[in-house]
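These notes are about the structure you will find just below.
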Amino acid sequence: EQGEQQASERALVDGLANCPNSPGLHLALGQRMSAAGRLPEAIQEFKETIHLRPQEADGYVELASAYFHLDRIKDGIAELQKSLQVEPENPTALSTLAFVAIRTGDQAGAREWLHHVRQQARILPESREALEKAFRDQFGQPPD
């Protein structure tokens, strides 16, 4: 928050040296690496997060995002589906799967994911509306 990127990354690396089995620290380092465009390294950190804490969705969602940035769409979708196995109503996974289905022209899949999005109270109305607009723009009709 204070803009001290190097000190922050050093603290993460030092923290991992002292607590190598901390899924939270691996996740934070992966997020940092992803933001810096160091996606192969970020992917390794997210995989380690998943290995250490497979029952939480965050690692899968972050790994999926890294895969999407590398245009590895199928791998990203697979990770989001895994995240839904451990947290069935994860709002980020549901929204992203709806968005990917819309962007790839999968109308039936987009309808299905939008149904789930509408049922998820943790997804902001603005996000839901944006997905529905994207659906209308892509397919020329409302998702209902």
Side-chain angles (χ1 to χ4, degrees), residues 1-139 143:
E1 288 179 10
Q2 296 175 2
E4 297 181 28
Q5 298 289 72
Q6 288 180 332
S8 175
E9 190 160 332
R10 190 171 43 254
L12 276 173
V13 171
D14 290 347
L16 281 168
N18 291 313
C19 302
N21 293 326
S22 169
L25 291 175
H26 283 284
L27 182 68
L29 186 57
Q31 290 168 327
R32 172 80 44 129
M33 291 175 166
S34 184
R38 296 165 50 191
L39 294 172
E41 295 165 280
I43 287 169
Q44 288 310 117
E45 293 300 323
F46 297 141
K47 285 181 177 181
E48 185 63 16
T49 300
I50 293 166
H51 171 74
L52 293 168
R53 196 178 286 161
Q55 72 279 13
E56 290 187 14
D58 293 342
Y60 300 100
V61 170
E62 293 290 345
L63 180 56
S65 178
Y67 283 149
F68 288 138
H69 280 96
L70 291 172
D71 204 29
R72 293 175 55 183
I73 306 304
K74 288 183 181 179
D75 292 330
I77 291 170
E79 293 304 321
L80 289 176
Q81 290 172 336
K82 289 177 191 175
S83 78
L84 291 175
Q85 290 173 2
V86 298
E87 187 183 335
E89 297 301 317
N90 182 281
T92 303
L94 293 174
S95 295
T96 305
L97 285 165
F99 180 76
V100 169
I102 292 166
R103 297 292 280 191
T104 60
D106 177 5
Q107 188 172 3
R111 282 183 199 279
E112 179 65 27
W113 290 118
L114 279 172
H115 172 75
H116 291 288
V117 164
R118 289 177 178 145
Q119 303 302 312
Q120 176 46 268
R122 294 186 297 166
I123 296 175
L124 296 173
E126 305 85 50
S127 297
R128 247 189 314 276
E129 291 165 10
L131 286 168
E132 290 172 356
K133 180 184 181 319
F135 185 99
R136 284 190 305 276
D137 292 347
Q138 174 76 348
F139 302 114

A quick test of your reading: do over 12 heavy atoms of other residues, nucleotides or ligands sit less than 6.0 Å from OH of Y67? yes
For R122, look at atom CZ and say whether over 12 heavy atoms of other residues, nucleotides or ligands are found less than 6.0 Å away. yes
Do side-chain atoms of [X] reach the backbone of [Y] as a donor and acceptor pair under 3.5 angstrom?
X    : Y    : value
S34  : A66  : no
E89  : Q120 : no
Y60  : A78  : no
H116 : S95  : no
E62  : F46  : no

Could you tell me the separation between the [atom1] atom of [X] and the [atom2] atom of [Y], rounded to the nearest 0.5 Å?
X    : Y    : atom1 : atom2 : result
L70  : I73  : CG    : CD1   : 9.5 Å
L94  : R128 : CG    : CZ    : 11.0 Å
I102 : R111 : CD1   : CZ    : 10.5 Å
Q138 : Q107 : CD    : CD    : 9.0 Å
L114 : F99  : CG    : CZ    : 12.0 Å
D106 : I77  : CG    : CD1   : 8.5 Å

Looking only at non-hydrogen atoms, find the nearest pair between [X] and [Y] and report the distance.
X    : Y    : answer
G30  : A42  : O-CB, 3.4 Å
P143 : R136 : CD-CG, 4.4 Å
G109 : A101 : C-CB, 3.8 Å
P23  : R53  : CG-NH2, 3.1 Å
A57  : N90  : CB-ND2, 3.5 Å
H26  : P20  : NE2-O, 2.8 Å

Check ion pair K133-D137 (N to O, under 4.0 angstrom): yes
salt_bridge(E132, R118) N-O dist < 4.0 Å: yes
Are any non-hydrogen side-chain atoms of [X] and [Y] less than 4.5 angstrom apart?
X    : Y    : value
L16  : L12  : no
L80  : V100 : no
L131 : I123 : no
L63  : K82  : no
T96  : F68  : yes

Test side chain to side chain contact (heavy atoms under 4.5 Å, CB included) on L84 and L97 and set out the steps. CA-CA 10 Å; L84 291 175; L97 285 165; 3.6 Å; yes
